[in-house]
Number of protein chains: 2
Amino acid sequence: MEHRLDRIKKQLHAQSYKLTPQREATVKVLLEREEDHLSAEDIYLLVKEKAPEIGLATVYRTLELLLELQIVEKINFGDGVSRYDLRQEGLEHFHHHLVCVECGSIQEIFENLLVDVEKKVEEEWGFQVQDHRLTFHGVCKKCQQAKLKKSRMTK
Amino acid sequence: MEHRLDRIKKQLHAQSYKLTPQREATVKVLLEREEDHLSAEDIYLLVKEKAPEIGLATVYRTLELLLELQIVEKINFGDGVSRYDLRQEGLEHFHHHLVCVECGSIQEIFENLLVDVEKKVEEEWGFQVQDHRLTFHGVCKKCQQAKLKKSRMTK
DNA sequence: GTGCCTGCAAACTGTTTGCAGCGAT
DNA sequence: ATCGCTGCAAACAGTTTGCAGGCAC
């Protein structure tokens, strides 16, 4: 965990930005809650626990900065809120998401499922792909099992 | 074009909603500008040309209704605005988008490129897919050619 | 008259901006 | 002394809501 923070620190310095206490607290929250797809507000509240004097605007500015440095990605699952997701180190493509319509959980897929699809898009549509966003909406394993159980009970 | 309007009218009636003049004007705009990925504001301005007395709130309410009836889809390309896209009749899956980072154009792909991918997701992750969102960001054919031309000129 | 639908204005939510102050160099 | 960074408050943009009136049945 620490090494990732260090690497981010270096990335910032390389572009002559500083890793201020507020920025560090924000990055730490992102690292700790990596799987969580937090909104800016969520992050703000969590950062406040570490650094109570921080302002929401600072969180937004930090996130914008991290976005610019490609450390995080901004995603939008359809509710009006932007969520922030750490990019995987050493993974050139953006990972996919499985959003459960029952329980709202969000699972991540790091395997690149789109290699063939991208090839096809480049060949058949002449479109030079740089990045992608892929989200599936449906029912997660857990909720399927829960539903099954329920239907057996009512039988 | 008329037949699609008729069909939508029937869909509304089936759920005991009325196709009021305002709703009709809104749907007509959506049909006429089908390829355009309009925002609510865009739609509002276009509808105003047909029905100047309409209010923005009505447009929002109509779009919400159409969303509920699965006639349109709400999409978000990352700028803060929701855009509305007519679903293709007789196409069960939601179509894909190619967003050009150079010129901002948005191209649609109606072919379902995700059949194999969805199968894999169901099998390997146990996730029961209902719908998907796939967007590619990159450079469209036109802009690639324009860039090529430019680079030849500077040679 | 009942109930759906509308326009308007106000409210709300998430995000951005302006500004004065602070702290490190 | 400069300059980047911060907190606060105000501004802003997109969307939603409350409400009184209107229209169709």
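The basis for the numbers below is simple: all heavy atoms, side chains too, and nothing from hydrogens, waters or symmetry mates. To find a chain, count down the sequence lines: A is the first, B the second, and so on, and within it residues start at 1.
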Enquirer: Sorted by first residue and then second, give each side chain to side chain donor-acceptor pair (under 3.5 Å) pair with at least one member in residues 102-113 of chain B; sequence neighbours left out.
Expert: A:Lys120-B:Glu111, B:His37-B:Glu108, B:His95-B:Glu108, B:Glu102-B:Lys147

Enquirer: Measure up the A:Phe136 and B:His132 rings against each other and bin them: parallel (under 30°), tilted (30 to 60°), perpendicular (over 60°).
Expert: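 Perpendicular, since the angle between the ring planes exceeds 60°.
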
Enquirer: Rounding to an integer number of Å, can you tell me how far A:Leu56 CG sits from C:dT13 C1'?
Expert: 12 Å

Enquirer: Separation of A:Leu19 atom CG from D:dG4 atom P, in whole Å?
Expert: 17 Å

Enquirer: Any base atoms under 4.0 Å from A:Glu41, or only sugar-phosphate, or nothing? Heavy atoms, all strands.
Expert: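 No contact at all - A:Glu41 keeps every heavy atom at 4.0 Å or more from the nucleic acid.
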
Enquirer: Just by distance, do the side chain of A:Asp6 and the backbone of A:His3 share a donor-acceptor pair under 3.5 Å?
Expert: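 Between the backbone of A:His3 and the side chain of A:Asp6 there is no qualifying donor-acceptor contact (under 3.5 Å).
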
Enquirer: For the CD atom of B:Glu35 and the CG atom of B:Asp85, what is their distance to the nearest 0.5 Å?
Expert: 9.5 Å

Enquirer: Give a yes/no on whether any side-chain N or O of B:Thr58 is located under 4.0 angstrom from OP1 or OP2 of C:dT6.
Expert: no

Enquirer: Rounded to whole Å, how long is the line connecting atom CG of A:Leu12 with atom P of D:dC5?
Expert: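 Distance check: A:Leu12 CG to D:dC5 P gives 9 Å.
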
Enquirer: So what does A:Ile54 touch, heavy atoms closer than 4.0 Å: a base, only the sugar-phosphate, or nothing?
Expert: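 Touches sugar-phosphate only.
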
Enquirer: How would you label the contact of B:Glu64 with the nucleic acid (heavy atoms, under 4.0 Å): base, sugar-phosphate, or nothing?
Expert: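 No contact at all - B:Glu64 keeps every heavy atom at 4.0 Å or more from the nucleic acid.
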
Enquirer: Distance check: side-chain N/O of B:Tyr60 vs OP1/OP2 of D:dT15, anything under 4.0 Å?
Expert: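 Indeed, a polar side-chain atom of B:Tyr60 lies that close.
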
Enquirer: Distance check needed: C:dG14 P versus A:Asn76 CG, whole Å only.
Expert: 12 Å

Enquirer: Is it the case that the side chain of B:Glu122 and the backbone of B:Val129 share a donor-acceptor pair, with hydrogens and angles ignored and the cut-off at 3.5 Å?
Expert: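 Present.
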
Enquirer: When you group the ILVMFWY residues by side-chain heavy-atom contacts below 4.5 Å and let the links chain together, are A:Val59 and A:Leu86 in the same group?
Expert: yes

Enquirer: Assuming nearest nucleotide by heavy-atom distance, tell me which of A:Arg61 and A:Ala40 is located more 5' along DNA chain C.
Expert: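 By nearest-heavy-atom nucleotide position, the 5'-most residue is A:Ala40.
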
Enquirer: Rounded to the nearest Å, what distance is computed from the CD atom of residue B:Glu53 to the P atom of nucleotide C:dG7?
Expert: 6 Å

Enquirer: Nearest to the side chain of A:Tyr17, heavy atoms from C-beta on, is which of D:dC5, D:dG14, C:dC5?
Expert: D:dC5

Enquirer: Taking the minimum atom-to-atom distance to the side chain of A:Lys74, which one of C:dC5, D:dT6, C:dT16 wins?
Expert: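 Between C:dC5, D:dT6, C:dT16, the one nearest the side chain of A:Lys74 would be C:dT16.
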
Enquirer: Can you check the A:His13 NE2 to C:dT25 C1' distance for me, whole Å?
Expert: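 Atom NE2 in A:His13 sits about 13 Å away from atom C1' in C:dT25.
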
Enquirer: Between A:Gln144 (side chain only) and B:Gly126 (backbone N and O only), is there a donor and an acceptor less than 3.5 Å apart?
Expert: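 A pair under 3.5 Å: yes.
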
Enquirer: What does A:Ser82 touch in the nucleic acid at a heavy-atom separation under 4.0 angstrom: a base, only the sugar-phosphate, or nothing?
Expert: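 Since only primed, P, OP1 and OP2 atoms lie under 4.0 Å of A:Ser82, the category is sugar-phosphate.
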
Enquirer: Counting only side-chain nitrogens and oxygens, does A:Ser39 get under 4.0 Å of the OP1 or OP2 atom of C:dG14?
Expert: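 No, because none of the side-chain N or O atoms of A:Ser39 sits under 4.0 Å from OP1 or OP2 of C:dG14.
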
Enquirer: Five pairs at each end of the helix from C:dG1-D:dC25 to C:dT25-D:dA1: take the axis at both ends and give me the angle between them to 10°.
Expert: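 Overall, the helix from C:dG1-D:dC25 to C:dT25-D:dA1 bends by 10° from one end axis to the other.
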
Enquirer: Provide, to the nearest angstrom, the distance between the NZ atom belonging to A:Lys18 and the C1' atom belonging to D:dT2.
Expert: 10 Å

Enquirer: Could you check which of C:dC8, C:dT17, D:dC5 has an atom nearest any side-chain atom of B:Ala57?
Expert: C:dC8

Enquirer: Assign B:Ser16 to base, sugar-phosphate, or nothing according to its heavy-atom contacts below 4.0 angstrom with the strands shown.
Expert: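 Answer is nothing: B:Ser16 stays at 4.0 Å or more from every strand.
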
Enquirer: Please collect all side chain to side chain donor-acceptor pair (under 3.5 Å) contacts where either partner lies in residues 51-70 of chain B, sequence neighbours excluded, each pair once.
Expert: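 The answer is B:Tyr17-B:Glu68.
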
Enquirer: Atom CD of B:Gln15 and atom P of C:dC4: how far apart are they, to the nearest Å?
Expert: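 Distance, rounded to whole Å: 15 Å.
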
